[in-house]
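We name chains A, B, ... by the order of the sequence lines, and we start the count at 1 in each one.
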Amino acid sequence: MQLATWNVNSLTVRLPQVLDWLAANPVDVLVLQETKTTDDKFPHEAIEAAGYKVAFFGQKTYNGVALLSRSEATDVVKNIPGFEDDMARVIAGTVDGVRVVGAYFPNGQAPDSDKFVYKMRWLEALQNWLREELKQHPKLVLMGDFNITVDDRDVWDPVALKDTIHCTVEERDHFQALIDLGTHDAFRLFEQAEKSYSWWDYREFAFRRNRGLRIDHILVSDALKASTQACVIDKAPRKNERPSDHVPVIVTLG
DNA sequence: ATGCCATGTGCTACATGA
């Protein structure tokens, strides 16, 4: 079973690239972030024609998430239960016995901003919900755009970016709290090339210079760790015309 | 210190992203 996550930065713009990518990478599950479209405009027919069931949860202009799967997802949940949120950031469902949680974590803007306070509240709520989800569904995958670098290996210039957004101790402590619930950063279960990133700024030729961050992650629960066979970042779509600034991350479960 | 680019809205500039 293969599962993937991709922040597409507007599904309206990126739909042809998503369909091309799925044709070349026929994963069983793909979660999308930043679809940036309302549910009435979501391109579900094109996705279904490509052989995928799809659950989606969006809003105008910002955010928006989707869960594409070969088998239809059951027990679909949108956003974090009990956490009041104007923003469409989470979609979860059970696919082939695996609980899949796709999430677009808040950006946080700057460590001294109101948006950072919201990010911390959101992370706290996610952690509390995930603790319960893991009890219900030991086989769980949390994946998406975390907007957090796990450690300095995930940062192209850790000195210059020390304590800036995505690199603060507070954010990394929250990431560790998710790990402490009984999950594993699938990417680091395997040997990886140095300077592996999942996002590069559109400006300053950041991709060509490999000035990026690894902020898109896949966490597999304890019960899935032994069957986790590979985790890779697919940089190829970043070379497309009009690329997303993020690329897909893929995990293979045995 | 800011914009550098990209997206959506729709204000022919602004908010947001990371």
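Between B:dT7, B:dT9, B:dA18, one nucleotide has an atom nearer to the side chain of A:Val13 than all others, and that is B:dT7. Nearest nucleotide to the A:Asn147 side chain, out of B:dA18, B:dA6, B:dC4: B:dA18. In the set B:dA15, B:dA18, B:dT9, the nucleotide with an atom closest to the side chain of A:Asp145 is B:dA18. Nearest to the side chain of A:His166, among B:dA18, B:dG3, B:dG8, sits B:dA18. Checking B:dG8, B:dG17, B:dC4 against every side-chain atom of A:Lys36, the shortest atom distance belongs to B:dG8. You'll find that the side chain of A:Lys60 is closest to B:dT9, out of B:dA18, B:dA15, B:dT9.
A:Tyr104 comes within contact range of the sugar-phosphate backbone alone, with a heavy-atom separation under 4.0 Å but no base atom that close. Backbone-only engagement by A:Thr12 is indicated by non-hydrogen atom pairs under 4.0 Å involving sugar-phosphate atoms exclusively. Looking at heavy-atom distances under 4.0 Å, A:Lys115 makes contact with sugar-phosphate atoms alone, never a base. Nucleic acid contact for A:Asn63: none, since no nucleic acid atom lies under 4.0 Å from a heavy atom of the residue.
By the 6.0 Å contact criterion, CZ on A:Phe190 is enclosed, its count of non-hydrogen atoms from other residues, nucleotides or ligands being greater than 12.
Annotation: B:dC11 and B:dA1 have their P atoms spaced 34 Å apart (nearest Å). A distance of about 24 Å separates the P atoms of B:dG10 and B:dC5, rounded to the whole Å. The same atom, P, is picked in B:dG17 and in B:dT12; the two are 23 Å apart, to the nearest Å. Atom name P, nucleotides B:dT2 and B:dA6: the rounded distance is 22 Å, in whole Å.
In terms of heavy atoms, A:Asp245 sits closest to A:Tyr202 at N-OH, 3.1 Å.
Side-chain contact between A:Lys78 and A:Val90 is absent, with no heavy atoms from C-beta onward closer than 4.5 Å.
When the C1' atom of B:dG17 is taken as reference, atom OH of A:Tyr202 falls 10 Å away, rounded to whole Å. In this entry the distance linking OH of A:Tyr62 with P of B:dT9 reads 9 Å, nearest Å. The CZ atom of A:Arg89 sits 12 Å away from the P atom of B:dT16 (whole-angstrom rounding). The CD atom of A:Glu204 sits 15 Å away from the C1' atom of B:dG17 (whole-angstrom rounding). A:Glu241 has its CD atom 11 Å from the P atom of B:dA6, to the nearest Å. Rounded to an integer number of Å, the gap from A:Gln59 CD to B:dG8 C1' is 12 Å. One interatomic measurement links the two molecules: CD of A:Gln33 to P of B:dA6, which rounds to 21 Å at whole-angstrom precision. Between the CG atom of A:Asp86 and the C1' atom of B:dA15 there is a distance of 16 Å, given to the nearest Å.
Sorted by residue number, the members of residues 207-216 of chain A with any non-hydrogen atom under 4.0 Å from DNA chain B read A:Leu213, A:Ile215.
You'll find the ring centres of A:Phe146 and A:His166 outside the 6.0 Å limit.
Side-chain atoms of A:Arg99 and A:Thr94 form a donor-acceptor pair, as typed in the model, at a separation below 3.5 Å. No hydrogens or angles considered: nothing links the side chains of A:Asp154 and A:Thr149 as a donor-acceptor pair under 3.5 Å.
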Carefully, step by step, assess A:Asp96 and A:Ser71 under the rule side-chain hydrogen bond (donor to acceptor under 3.5 Å, both in side chains). CA-CA 7 Å; A:Asp96 301 331; A:Ser71 316; 2.9 Å; yes
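Between A:Ser10 and B:dG8, a side-chain N or O to OP1/OP2 separation shorter than 4.0 Å is present. At the phosphate of B:dG17, neither OP1 nor OP2 sits under 4.0 Å from any side-chain N or O atom of A:Arg203. Checking the phosphate oxygens (OP1, OP2) of B:dA6, no side-chain nitrogen or oxygen of A:Asn9 falls inside 4.0 Å. Contact between the side-chain N/O atoms of A:Arg242 and the OP1/OP2 oxygens of B:dT7 is found at a separation under 4.0 Å.
Nearest-nucleotide positions on DNA chain B place A:Pro243 closer to the 5' end than the other of A:Pro243 and A:Asn7.
Screening A:Trp199, A:Trp200, A:Trp156, A:Tyr197 for a ring pair (Phe, Tyr, Trp, His ring centres under 6.0 Å) with A:Phe207, the sole residue that qualifies is A:Trp200.
Cation-pi check for A:Arg121 over A:Tyr118 is not met; the charged atom does not lie both under 6.0 angstrom from the ring centroid and within 45 degrees of its normal.
Between the side chain of A:Asp201 and the base of B:dA18, no donor-acceptor pair under 3.5 Å is found.
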